[in-house]
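To keep things clear, I will list the structure first and then write my remarks on it.
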Amino acid sequence: MRTATLGPAQRAESLAAMAERELDVLVIGGGVVGAGTALDAVTRGLSTGLVEARDWASGTSSRSSKLIHGGLRYLEMLDFALVREALKERGLLLERLAPHLVKPVPFLYPLQHKGWERLYAGSGVALYDAMSMARGHGRGLPAHRHLSRRHALRVAPALRKDALVGALQYYDAQMDDARFVTTLVRTAVSYGAKAANRARVTGFLREGERVVGARVQDVEAGGEYEIRARQIVNATGVWTDDTQAMVGERGQFHVRASKGIHLVVPRDRISSTSGLILRTEKSVLFVIPWGRHWIIGTTDTDWDLDKAHPAASSADIDYLLEHVNSVLAVPLSRDDVEGVYAGLRPLLAGESDATSKLSREHTVAHPVPGLVVVAGGKYTTYRVMAKDAVDEAVRGLDQRVADCVTEDVPLLGAEGYRALWNARARIAASTGLHVVRVEHLLNRFGSMAEEVLDLIAADPSLGEPLPAADDYLRAEIVYAASHEGARHLDDVLTRRTRISIETFDRGTRSARDAAELMAPVLGWDKDHVEREVAHYEKRVEAERESQLQPDDLTADAARLGAPDIVPL
């Protein structure tokens with residue numbers, strides 16, 4: 001199987017090819033569910049296309065808590081089926097599908113009451129471990145353990161002594177959500193799917209009642225394509241209702257958006273060797289290890305404003321700081337916050353008005369002939385959602401189609417990853433890179449790290465760190481544009497890397513160097529580089545301003561002060 005490249009030439013070729021002949025399946029939406037659906041369809045032997053209006057994972061799928069988990073809190077809601085399903089997927093991803101991208105992460109749950117709480121919470125965590133083992137995919141993670149207060153404070157010295165009487169420690173998993181989606185897209189393309197980002201659906205083609213295709217605008221180069229397909233899958237997440245409205249038919253369900261914000265702080269601000277999970281009055285709060293940082297989140301509030309750029313308000317930030325500071329011996333302040341990001345969960349609208357009570361189950365429907373809709377769910381179960389969507393689409397095809405095989409299809413970079421990991425010292429010696437740099441590349445690209453190392457071999461200056469963001473090598477910026485479909489500076493600093501949330505300057509000091517590295521790959525002249533840098537700086541300025549506003553309305557207005565680099 002070849003490694004797919006999502007460069008500028010491949011994008012143009014894919015759009016032309018999708019318009020040339022009728023596809024079996026066209027997927028709309030380049031988040032984790034859409035990318036997973038494209039991989040599922042193409043690995044069943046179906047001719048498959050995938051289009052995304054903005055960038056891969058530019059919506060919900062780059063703004064999550066970055067956890068692959070069963071959802072411990074859903075056990076308390078007695079949603080055993082959802083937890084069981086998610087734990088199976090967690091195991092598959094850790095062990096078989098993406099061991100290079102999905103990693104174990106420990107969590108400490110502080111106990112605040114003697115006796116009954118240890119029994120109650122301990123029973124839940126024990127059931128969580130047992131359900132994981134029962135699926136046959138939990139053996140890669142250590143079992144939970146009970147800790148005394150003294151032991152818990154050795155694990156997490158940052159905790160106030162009066163904030164706990166003891167603790168439980170258990171394991172889940174995490175990943176870089178945007179990188180995972182990009183890898184999913186590349187995997188689908190390597191099996192023959194056609195994929196194009198910055199390709200926006202403007203309407204559907206109809207023959208009578210049947211949907212037979214979509215009109216797609218090339219947002220980058222201009223022009224419009226008519227892409228015909230026997231079945232179309234709407235996997236647009238929080239935009240599901242908007243996409244459905246283009247059909248002119250009432251949907252069978254509605255999707256509501258719930259905003260969740262996260263803070264990023266440096267690792268040295270919280271002394272702990274384990275992540276934390278804390279109870280709040282509404283849900284739970286995570287403090288998640290993230291390289292040289294911590295991610296703190298999340299909130300859960302209704303959102304009915306701009307979907308493309310949800311804004312974090314000052315009230316959101318204060319909420320998270322207040323809750324995490326309730327257990328920290330040395331409290332965090334606004335000055336400790338490096339990055340802030342806000343995302344929207346697509347929740348199926350139910351009877352309850354509280355978004356935290358809406359279902360995280362997913363639903364698949366066939367509202368009109370030729371069009372399948374998949375919505376809801378959670379990141380961890382994307383593969384199951386994709387399977388169900390393709391199963392539904394197959395019912396509308398007049399042919400025998402193979403069953404889903406994605407349970408046995410590793411993502412690009414997985415094959416050979418463990419062998420290369422074992423050889424990381426030798427690779428470091430042969431390339432001249434520090435072994436920590438090699439480990440970084442292997443955990444971001446898996447065996448495809450060799451492609452990044454080839455760039456460095458051809459131009460040793462690319463082996464240097466990016467100025468003001470030295471966790472990343474210059475080669476990674478070039479690779480993002482040449483191989484990973486990045487079209488704009490924002491794509492690289494926000495999603496291909498996480499510089500926008502991992503530096504106090506939010507990536508502005510790295511912006512010009514990154515743009516100049518992208519320019520030769522994407523054919524930018526000096527004026528284009530200036531436009532990209534100016535746009536990114538305005539975006540950061542608008543985000544900072546929004547985070548000073550007292551509420552959602554004023555935060556949204558401030559964030560919209562910076563338009564998209566390509567108006568949509």
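For the numbers below, each heavy atom of this structure counts, side chains included, while hydrogens, waters and symmetry mates do not. Nothing here was measured: the structure is a model prediction, and the numbers come from that model. Throughout, numbering of the chain's residues begins at 1 and tracks the sequence.
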### Task
May I ask you to decide whether R531 forms a salt bridge with D527, counting only side-chain N to carboxylate O separations under 4.0 Å?
no
### Positive for salt bridge (charged side-chain N to carboxylate O under 4.0 Å, His left out) with D491, one of R496, R54, R198
R198
### Query
Which distance, rounded to the nearest 0.5 Å, do you find between the CG of L348 and the CZ of R345?
14.0 Å
### Query
Going by atom types alone, do T243 and T236 pair a side-chain donor with an acceptor below 3.5 Å?
yes
### Query
How are the rings of Y379 and Y382 set relative to one another: parallel (under 30°), tilted (30 to 60°) or perpendicular (over 60°)?
perpendicular
### Query
Do E484 and Y479 have side-chain N/O donor and acceptor atoms under 3.5 Å apart?
no
### Message
Closer than 3.5 angstrom, by distance alone: can the side chain of D55 be matched with the main-chain N or O of S58 as a donor-acceptor pair?
### Response
no
### Query
Quick check: does any side chain N or O of D24 sit under 3.5 Å from a backbone N or O of S47, one acting as donor and the other as acceptor?
yes
### Check: P467 main-chain N/O paired with S510 side-chain donor or acceptor under 3.5 Å
yes
### Task
Decide salt bridge (charged side-chain N to carboxylate O under 4.0 Å, His left out) for D391 and R395; before the verdict, give the C-alpha distance in whole Å, the side-chain angles of both, and the deciding distance to 0.1 Å.
CA-CA 7 Å; D391 283 346; R395 292 190 183 97; 5.8 Å; no
### Task
Give a yes or no answer on whether the side chain of S62 reaches the backbone of A57 with a donor-acceptor pair at less than 3.5 Å.
yes
### Task
Output yes when a side-chain donor or acceptor of S14 lies under 3.5 Å from a complementary backbone atom of A12, and no otherwise.
no
### Task
Measure the CZ-CG distance between R474 and L517 for me, rounded to the nearest 0.5 Å.
4.5 Å
### Task
Check the pair R186, T183 against side chain to side chain contact (heavy atoms under 4.5 Å, CB included), reporting the backbone distance first and the verdict last.
CA-CA 5 Å; R186 291 185 68 187; T183 308; 5.6 Å; no
### Non-hydrogen side-chain atoms of V374 and V233 separated by less than 4.5 Å
yes
### Task
Grab the two heavy atoms, one from A199 and one from L15, that are nearest each other, plus how far apart they are.
CB-CD2, 4.1 Å
### Any donor-acceptor N/O pair, D177 side chain to S64 backbone, under 3.5 Å
yes
### side chain to side chain contact (heavy atoms under 4.5 Å, CB included) assessment of E207 paired with R228
CA-CA 11 Å; E207 287 181 4; R228 302 181 75 83; 2.6 Å; yes
### Query
So, for V255 and G237, which heavy atoms are closest and what is the spacing to 0.1 Å?
CG1-O, 3.9 Å
### Query
Judged by atom type as modelled, is there a donor-acceptor pair below 3.5 Å linking the side chain of T202 to the main-chain atoms of Q217?
no
### Task
Please determine which of K88, K387, E89 meets the side chain to side chain contact (heavy atoms under 4.5 Å, CB included) test together with E407.
K88
### Query
Can a donor-acceptor pair be found between the side chains of Q231 and H366 at a distance below 3.5 Å?
yes
### Query
Roughly how far apart are K194 NZ and R11 CZ, rounded to 0.5 Å?
14.5 Å
### Query
Between V185 and L6, does a side chain to side chain contact (heavy atoms under 4.5 Å, CB included) hold up when you go through it step by step?
CA-CA 9 Å; V185 175; L6 302 179; 3.9 Å; yes
### Query
Between W421 and R418, is there a cation-pi geometry (under 6.0 Å to ring centre, at most 45° from the normal)?
no
### R256 vs D302, side chain to side chain contact (heavy atoms under 4.5 Å, CB included): CA-CA, chis, key distance, verdict
CA-CA 8 Å; R256 279 174 58 182; D302 208 6; 3.2 Å; yes
### Query
Which heavy-atom pair separates V529 from A515 by the least distance, and what is that distance?
CG1-CB, 3.9 Å
### Message
Apply salt bridge (charged side-chain N to carboxylate O under 4.0 Å, His left out) to residues R512 and E530 and explain how you reach the verdict.
### Response
CA-CA 8 Å; R512 184 167 301 280; E530 292 299 326; 2.7 Å; yes
### N/O donor-acceptor pair under 3.5 Å between Q10 side chain and G7 backbone
yes
#### Entry: Partner of D176 under salt bridge (charged side-chain N to carboxylate O under 4.0 Å, His left out), chosen from K66, R63, R498
R498
### Query
How many angstroms lie between CD in E220 and CG in N197, if you round to the nearest 0.5 Å?
7.5 Å
### Message
One pair to check against side chain to side chain donor-acceptor pair (under 3.5 Å): T406 and R383. What are the steps and the verdict?
### Response
CA-CA 8 Å; T406 54; R383 195 191 64 80; 3.1 Å; yes
### Query
Does a sphere of radius 6.0 Å around CG in D525 hold more than 12 heavy atoms from other residues, nucleotides or ligands, not counting ones at 6.0 Å or beyond?
yes
### Task
Specify the closest pair of heavy atoms between G30 and V181, including all atoms of both residues, with the distance to one decimal.
O-CG1, 3.5 Å
### Query
Would H100 and S447 satisfy side chain to side chain donor-acceptor pair (under 3.5 Å), going step by step from the backbone distance to the final call?
CA-CA 8 Å; H100 55 313; S447 56; over 6 Å; no
## Note on the structure
d(N443 CG, Y417 OH) to nearest 0.5 Å is 4.0 Å
### Message
Taking H362's backbone N and O only, do any of them form a donor-acceptor pair with K378's side chain (distance below 3.5 Å, no angle check)?
### Response
no
### Query
Going through the distances and angles, do R215 and E226 end up as a salt bridge (charged side-chain N to carboxylate O under 4.0 Å, His left out)?
CA-CA 5 Å; R215 283 186 295 277; E226 288 194 350; 5.1 Å; no
### Message
The criterion is ring pair (Phe, Tyr, Trp, His ring centres under 6.0 Å); which residues satisfy it with H528, sequence neighbours excluded?
### Response
W524
### Query
What's the verdict on side chain to side chain donor-acceptor pair (under 3.5 Å) for E476 and H440, showing C-alpha distance, side-chain angles and the deciding distance?
CA-CA 11 Å; E476 295 177 75; H440 163 88; 3.0 Å; yes
### Query
Yes or no on salt bridge (charged side-chain N to carboxylate O under 4.0 Å, His left out) for K307 and D242, after CA distance, side-chain angles and deciding distance?
CA-CA 11 Å; K307 294 190 184 81; D242 304 85; 3.2 Å; yes
### Message
Between T48 and A193 (side chain of the first, backbone of the second, donor and acceptor by atom type, cut-off under 3.5 Å), is there such a pair?
### Response
no
### Task
Heavy atoms only: give me the nearest V42-G192 pair and the separation to one decimal.
CG2-C, 3.8 Å
#### Entry: Shortest non-hydrogen contact from L50 toward G29
CD1-O, 3.4 Å
### Query
Rounded to the nearest 0.5 Å, what separation is found between the CD1 atom of I232 and the CG atom of L205?
7.0 Å
### Task
Please determine which of H535, E541, E543 meets the side-chain hydrogen bond (donor to acceptor under 3.5 Å, both in side chains) test together with R539.
E543
### Task
Determine, stepwise, if the pair R444 / T497 fulfils side chain to side chain donor-acceptor pair (under 3.5 Å).
CA-CA 10 Å; R444 282 171 52 75; T497 70; over 6 Å; no
### Query
Can you check whether Y536 and H488 have ring centres sitting under 6.0 Å from each other?
no
### Message
Quick one about R559 and S546 (side-chain donor to acceptor, distance below 3.5 Å, no hydrogens or angles considered), yes or no?
### Response
no
